[in-house]
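Down below is the structure, laid out as C-alpha cells.
Numbers here simply count residues along the sequence, with the first being 1. What's counted below: heavy atoms across the whole structure, side chains too, no hydrogens, waters or symmetry copies. Computed from a prediction, not measured in an experiment: that's the story for all the values here.
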Amino acid sequence: MSILFTNIAELRTIDAEDTVLRDAALVVEGERIAWIGRASEAPAADTLVDVGGRAVLPGWVDSHSHLVFAGDRSAEFEARMAGQKYAAGGIRVTTEATHAVGDYDLTRLLLGRRAEAAAGGTTSLETKTGYGLDVEEEARHARLASTIADTVTFLGAHVVPAGTDADEYTRLVTGPMLDAVRPYVEWIDVFCETGAFNAEQSRAVLEAGKAAGLGLRVHGNQLGEGPGTQLAVELGAASVDHVNHLSAADVRALADSWSGFSLTDPSSPRGTVATCLPACDLSTREPLAPARELLDAGVVVAIASNCNPGSSFTSSVTYCVTTAVLQMKLTVAEALRAATHSGAIALGLEQETGSLEVGKYVDLHILNAPSAVHIAYRPGMPLTHQTWKRGQLVHGAR
C-alpha cells in the first residue's frame with residue numbers, strides 16, 4: 001500500500017546536500033520511500049496523510065544506550081549533584097538489581113523504554129549488555145535485547161566485578177562469555193577507562209570480538225585522557241563514545257580516519273565516529289565533549305542518549321540535540337545530522353536509515369512545529385507529533 005504524506009511545511013532530508021524542502025510531500029510504498037518533492041507535483045497514492053503544516057525529518061538514530069537494567073540510582077545522582085564525582089563503580093549496583101529480575105519483568109522494562117524513545121522521535125536504537133557481568137546473565141540480557149532493539153552490543157567488559165582479578169575476568173569476557181552472547185549481538189564494546197579496563201585488556205576484548213565477526217565500539221576518554229580513542233582508530237572501530245577528554249593527537253587520529261570519506265560516495269571508507277553523549281556529560285558534570293572542534297577537524301560526529309540508570313537516565317535524543325545547539329556550539333543542521341545520519345553511520349545502517357531518500361526506510365519524525373529549528377528554539381517542549389518506523393505509525397494518533 002502506498003501513502004502520500006503531504007502539507008509538509010519543512011522536509012529535512014539530511015542527505016549529502018542537506019536538502020530542505022518547503023511545501024513538500026513524500027510518497028512511501030510499504031517500508032520504503034518511493035518519491036520526495038513538492039506537494040504540487042506529488043503522484044497519487046492509496047492513502048493520504050495530511051501533516052498539517054508540520055516539519056518532517058528522519059527519525060533519531062540513537063547509537064548508544066544501555067536499556068537492559070532494573071533498579072534505581074537516583075540517590076547516586078543526588079549525591080553527584082551535591083558534589084560527589086562520578087565513578088564507574090556504580091555499575092555494580094545496577095548489576096545486582098538486574099540479576100534479581102526475571103525475563104518477563106526485564107522484557108517489560110525494555111519495552112517501556114523502547115516506547116519512551118519512540119515517543120521522542122527515535123526510530124533506530126542500539127542497546128548494550130553490561131549489567132550481567134557473568135556468562136549466564138550476559139547471554140540472557142543479549143537474548144532479551146535482541147528481541148527489542150535494532151542492534152545489540154556486547155559489553156561484558158563494562159567493569160570488573162568486585163573481588164575478581166581484571167586479567168582473569170578479561171579472559172572470561174573474551175572466551176566463554178563471548179561465545180554465549182554471539183548468537184544475539186552484532187557489536188562488541190569495552191569501557192577503556194581508569195577504574196575499568198586498561199589498554200592491554202581493552203585490546204584483547206576488541207581483538208577477540210573482531211575475530212568472532214563482530215563490529216567494534218569503544219567507551220573512551222570519558223573521565224580523563226587515555227588510550228581509548230587511539231585504540232579505537234587503530235583497530236578500525238566504528239565509533240568511540242564519550243570523548244570528553246581528547247588530546248590534540250586524539251583529534252588528529254580521528255580526523256585522519258575520515259580522510260577518504262565522501263557523503264556522496266557510499267563506497268568510500270568509513271572512519272571512527274566520535275559519539276558525543278551530552279545528557280551524560282551534564283549528569284556527571286564532566287566537560288561537554290568537544291563536538292565543535294571535532295567537526296571543524298573533519299571528524300564525523302554522532303549524538304546519542306546513553307540512556308542508562310547511573311549517568312544518563314533519559315532516552316530523549318531531542319534533549320541531546322537541543323544541548324548540542326545551545327551549549328556545544330553546533331548549528332541546528334549539524335546537530336540534526338549528528339543525531340540521524342551520523343548515528344546511522346556509527347551503526348553501519350546509513351544505507352537504510354538516517355536520512356530521507358528514495359529507497360530508504362520510512363523512518364519519520366513529525367514535529368508539532370513548522371520547522372526543526374524549534375527543537376532548539378523551544379527547548380524542553382514536547383514537539384514530537386508522530387513517529388513512523390518502516391512505514392508504520394509507532395507513536396501518535398492518525
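Taking CG of L364 as the reference point, atom NE2 of H385 lies at 11.5 Å (rounded to 0.5 Å). Interatomic distance, OG1 of T95 versus CG of D134, reported as 9.0 Å (0.5 Å rounding). The OG atom of S342 sits 7.5 Å away from atom CG of L263, with the distance rounded to the nearest 0.5 Å. Of the inter-residue distances, the one linking T384 atom OG1 with R54 atom CZ reads 11.5 Å to the nearest 0.5 angstrom. Taking CG of N306 as the start and SG of C320 as the end, the distance is 8.5 Å to the nearest 0.5 Å. For the atom pair T323 OG1 and D281 CG, the distance stands at 9.5 Å (nearest 0.5 Å).
Salt bridge status for E96 with R92: absent, with no side-chain N to carboxylate O gap under 4.0 Å. Between E286 and K85 a salt bridge is recorded (basic side-chain N to carboxylate O distance below 4.0 Å). With respect to the salt-bridge test (charged N to carboxylate O, under 4.0 angstrom), the residues K389 and D150 qualify.
Put simply, L125 and V185 are part of two different groups of oily side chains (I, L, V, M, F, W, Y) that touch within less than 4.5 Å, one to the next. Both I8 and I33 sit in one connected hydrophobic cluster of ILVMFWY residues. Membership requires side-chain heavy atoms under 4.5 Å apart, directly or through other members. Note on V218 and I303: same hydrophobic cluster, where clusters join Ile, Leu, Val, Met, Phe, Trp and Tyr whose side-chain heavy atoms are under 4.5 Å apart, directly or indirectly. Transitive grouping of hydrophobic side chains (ILVMFWY, heavy atoms separated by less than 4.5 Å) brings V251 and V243 into a common cluster. Hydrophobic clustering, with ILVMFWY side chains joined whenever heavy atoms are under 4.5 angstrom apart, groups V173 together with V159.
Between L48 and D50, the shortest heavy-atom distance links the atoms CD2-N, 3.6 Å. Taking every heavy atom of both residues into account, L277 and A304 meet most closely at CD2-O, 3.5 Å. Closest approach of L294 and V301 over heavy atoms only: CB-CG2, 3.7 Å. I3 and W388 make their closest contact through CD1-CZ3, 4.3 Å (heavy atoms, listed as atom of the first residue, atom of the second, distance). A333 and D18 get closest at one heavy-atom pair: CB-OD2, 4.3 Å. Residues Q201 and A166 share a closest heavy-atom pair of NE2-CB, 3.5 Å.
Side-chain atoms of T387 come within 3.5 Å of backbone atoms of A118 as a donor-acceptor pair (strictly under, hydrogens ignored). Between the side chain of E126 and the main chain of V152, no donor-acceptor pair closer than 3.5 Å is present. For E334 (side chain) and A324 (main-chain N/O), no donor-acceptor pair under 3.5 Å exists by modelled atom type. A donor-acceptor contact shorter than 3.5 Å links the side chain of S268 to the backbone of S262. In this structure, H99 contributes its side chain and G132 its backbone to a donor-acceptor pair below 3.5 Å. Of the possible donor and acceptor atoms, one in the side chain of T107 sits under 3.5 Å from a partner among the backbone N and O of D103. When atom types are taken as modelled, the side chain of T322 and the backbone of T318 share a donor-acceptor pair closer than 3.5 angstrom. A donor-acceptor distance shorter than 3.5 angstrom exists from the side chain of E138 to the backbone of G130, with no hydrogens or angles considered.
Using a 4.5 Å cut-off on side-chain heavy atoms (C-beta onward), Y377 and V332 make no contact. Counting heavy atoms from C-beta on, the side chains of I375 and V325 never come closer than 4.5 Å. Side-chain contact between R73 and S311 is absent, with no heavy atoms from C-beta onward closer than 4.5 Å. Looking at T19 and I36, their side chains never come closer than 4.5 Å, going by heavy atoms from C-beta outward. Between F261 and P269 the shortest side-chain heavy-atom distance does not fall below 4.5 Å. Contact of the L367 side chain with the E10 side chain is not registered, since no non-hydrogen atoms from C-beta on lie closer than 4.5 Å. Looking at L231 and L206, their side chains come closer than 4.5 Å, going by heavy atoms from C-beta outward. Side chains of W60 and T340 form a contact here, defined as non-hydrogen atoms less than 4.5 Å apart.
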For the pair D363 and R390, evaluate side chain to side chain contact (heavy atoms under 4.5 Å, CB included) and give the outcome as yes or no after the intermediate values. CA-CA 5 Å; D363 291 345; R390 298 193 181 185; 3.9 Å; yes
Determine, step by step, whether R108 and D105 satisfy the salt bridge (Lys or Arg N to Asp or Glu O under 4.0 Å) criterion, reporting the C-alpha distance in whole Å, the side-chain angles of both residues, the deciding distance to 0.1 Å, and the verdict. CA-CA 5 Å; R108 181 177 54 82; D105 286 330; 3.6 Å; yes
Could you check I188 against L216 for side chain to side chain contact (heavy atoms under 4.5 Å, CB included), going step by step and ending with a plain yes or no? CA-CA 5 Å; I188 193 167; L216 309 184; 3.6 Å; yes
Just do the salt bridge (Lys or Arg N to Asp or Glu O under 4.0 Å) check on E207 and K210 with the steps written out, would you? CA-CA 5 Å; E207 288 181 342; K210 190 172 186 177; over 6 Å; no
Set out, in order, the CA-CA distance, both residues' side-chain angles and the distance that settles side chain to side chain contact (heavy atoms under 4.5 Å, CB included) for T129 and V68, then state yes or no. CA-CA 7 Å; T129 69; V68 192; 5.9 Å; no
Step by step, work out the salt bridge (Lys or Arg N to Asp or Glu O under 4.0 Å) result for D256 and R252. CA-CA 6 Å; D256 288 347; R252 283 196 302 272; over 6 Å; no
Going through the distances and angles, do E352 and R32 end up as a salt bridge (Lys or Arg N to Asp or Glu O under 4.0 Å)? CA-CA 9 Å; E352 301 290 346; R32 304 280 178 171; 2.6 Å; yes
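In summary, the side chains of S239 and R217 do present a donor paired with an acceptor at a separation below 3.5 Å, with no hydrogens or angles considered. Side chains of T98 and E137: a donor-acceptor N/O pair is absent below 3.5 angstrom, by distance only. Looking only at atom types and distance, the side chain of N221 has a donor-acceptor partner in the side chain of T229 under 3.5 Å away. There is no side-chain donor-acceptor pair under 3.5 Å between T122 and D62. With 3.5 Å as the limit, one finds no donor-acceptor pair spanning the side chains of S316 and T314. Side-chain contact annotation: T272 with R270, donor-acceptor N/O pair under 3.5 Å absent. Residues E357 and S355 bring a donor and an acceptor atom of their side chains to less than 3.5 Å of each other. Checked by atom type, the side-chain pair D250/S247 shows a donor-acceptor distance below 3.5 Å.
When the shell of 6.0 Å around CZ of R378 is examined, it contains 12 or fewer heavy atoms from other residues, nucleotides or ligands. Within a 6.0 Å sphere centred on CD of E200, other residues, nucleotides and ligands contribute 12 heavy atoms or fewer. Heavy atoms of other residues, nucleotides or ligands lying less than 6.0 angstrom from CD of E78 number 12 at most. By the 6.0 Å contact criterion, CD on E136 is open, its count of non-hydrogen atoms from other residues, nucleotides or ligands being 12 or less.
Taking the ring centre of F69 as origin, the terminal cationic atom of R113 falls inside the region bounded by 6.0 Å and 45° from the ring axis. By the 6.0 Å and 45° rule, R143 does not stack over the aromatic ring of Y184.
Between H242 and H64, the two ring planes are perpendicular [angle over 60°; tilted spans 30° to 60°]. Ring planes of F191 and H158: tilted class, angle from 30 to 60°.
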